[in-house]
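Here is the structure we will look at.
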Amino acid sequence: MPQHKVITVNLGDRSYPIVIGQGLLNGGFDLAAHLRGTDCLVVSNETVAPLYLEPLLANLAGCQATSITLQDGESFKTMPTMQTILDELVATGANRDTTVIALGGGVIGDIAGFAAACYMRGVAFIQVPTTLLAQVDSSVGGKTGVNHEKGKNLIGAFHQPRVVLIDTDTLATLPQRELQAGLAEVIKYGAICDPAFFAWLESNMGALLDKDPDTLADAIQRSCELKADVVAEDERESGRRAILNFGHTFGHAIEHNQGYGEWLHGEAVAAGMVMAAELSAIGEHDIDRLKRLIEAAGLPTKPPVIPADRWLNAMGMDKKIQKKQLRFVLLHSLGDAYLSADVEQTKLQAVIGADS
Ligand SMILES: NC(=O)c1ccc[n+]([C@@H]2O[C@H](COP(=O)([O-])OP(=O)(O)OC[C@H]3O[C@@H](n4cnc5c(N)ncnc54)[C@H](O)[C@@H]3O)[C@@H](O)[C@H]2O)c1
Ligand SMILES: [Zn+2]
């Protein structure tokens with residue numbers, strides 16, 4: 001049996017393992033043993049299903065497994081798509097013991113998890129993430145949901161999975177640009193809470209871009225450990241969990257301004273992290289290290305040109321809503337993030353290019 005690593009997300013009676021390794025979908029893991037009952041619905045999409053649905057279902061021989069294949073893309077992370085999953089659950093006679101399994105990237109994980117959270121007020125849920133971003137970020141922590149036409153992730157629920165199964169072999173088919181976007185979140189973990197991991201990434205970025213399986217598995221493991229720790233400390237984001245949003249206030253503004261899809265989330269977060277570092281009182285040397293690592297990952301270090309008023313508007317800081325307090329995630333130093341409610345306005349203006 002191939003080697004695999006196990007990390008536990010400690011959440012009392014909702015604790016669960018994250019299993020990381022090669023060959024897990026090809027007989028390396030007894031998935032059937034982790035279902036709540038004997039029946040399950042696998043949710044995937046038209047890109048991922050042809051690649052990995054058959055191997056996944058082979059792991060569920062002896063169970064009553066059905067599947068639903070959704071269209072691919074963020075634009076389908078909506079209530080109407082969610083309704084088709086719920087319809088399928090009803091049509092197949094799913095009950096309180098049914099398990100919903102997400103097979104795909106973050107879009108599939110978010111929508112399948114939300115369906116699992118809602119069906120019969122909550123049924124069991126398993127994540128089988130197949131993008132690097134989903135493996136290091138979205139599959140861990142229990143945030144699920146869909147988009148509303150007025151905003152991303154406006155509708156959702158916290159619903160923890162009972163296991164996260166990460167087969168690193170699935171990354172072999174992932175487009176390089178998607179891999180790089182996932183690396184932005186990996187770099188984020190080093191930047192916010194683990195200076196040694198940041199330094200390790202500086203030495204290993206080449207191997208990660210070459211998809212070296214062992215190096216990828218190590219990076220995924222460390223990222224999941226760091227996220228699991230933060231989530232265990234603050235499951236519902238009343239405080240500390242917000243540090244995971246490092247680079248995201250600027251990143252979301254970039255995504256929002258460019259129209260979702262033109263910049264991948266990870267690309268926007270990469271440029272956003274540099275901006276957040278510039279807003280922080282850290283030395284030029286640390287800012288340079290962050291820029292160089294982001295560049296080495298083939299990711300942008302600069303945002304597109306956006307007028308200052310649009311930056312502020314997208315960040316919820318325009319005049320109309322200035323009363324709303326916006327907390328920035330800033331760095332004391334590389335590997336040490338904190339939340340700050342008051343940023344120097346002149347510095348912020350400089351970072352968004354309002355003074356040029
Ligand atoms: N719940 C959370 O905590 C959380 C955290 C971060 C992001 N998210 C959400 O995650 C979503 C983004 O996730 P993503 O970056 O994985 O995007 P995605 O799910 O759209 O996947 C990216 C693309 O890769 C394809 N793909 C997936 N696995 C593949 C594989 N192994 N081989 C080939 N192609 C593959 C997908 O079909 C898609 O076209 C967003 O909706 C975001 O809001 C959620
Ligand atoms: Zn992110």
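What you see is a predicted model, and the numbers here were worked out from it, not measured in a lab. These numbers come from the heavy atoms of this one structure, side chains and all, not from hydrogens, waters or symmetry mates. Both counts, for ligands and for their atoms, begin at 1 and track the order of listing.
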Exercise. Return yes if a side-chain donor-acceptor contact under 3.5 Å exists between Asp39 and Thr98, otherwise no.
Key: yes
Self-check item: Min side-chain heavy-atom separation Thr84-Ile68 under 4.5 Å
Solution: yes
Self-check item: Polar side chain donor-acceptor pair, Tyr52 to Ser44, under 3.5 angstrom
Solution: no
Quiz item: Is it the case that more than 12 heavy atoms not belonging to Gln176 sit under 6.0 Å from its CD atom?
Solution: yes
Self-check item: Neighbouring protein N, O or S atoms of the Zn ion (ligand 2) [cut-off: under 2.8 Å, no waters]
Solution: Glu185 OE2, His248 NE2, His265 NE2
Exercise. Identify whether the distance between the nearest side-chain nitrogen and carboxylate oxygen of Lys143 and Asp110 falls below 4.0 Å.
Key: no
Quiz item: Among side-chain atoms of Asn147 and Glu74, is any donor-acceptor pair under 3.5 angstrom?
Solution: yes
Self-check item: Check: Arg162 and Phe125 side chains under 4.5 Å, non-hydrogen atoms
Solution: no
Practice problem: Could you name the protein residues that come within less than 4.0 Å of ligand 1, counting only heavy atoms, and order them by chain and residue number? | Solution: Asn45, Thr47, Val48, Leu51, Tyr52, Asp72, Glu74, Lys77, Gly105, Gly106, Val107, Asp110, Thr130, Thr131, Leu133, Asp137, Ser138, Lys143, Lys152, Asn153, Thr170, Thr173, Leu174, Pro175, Glu178, Lys227
Practice problem: Look at Glu233 together with Arg241 and state whether they make a salt bridge at an N to O cut-off of under 4.0 Å. | Solution: no
Quiz item: Under 3.5 Å, is there a donor-acceptor pair linking the side chains of Glu235 and Gln160?
Solution: yes
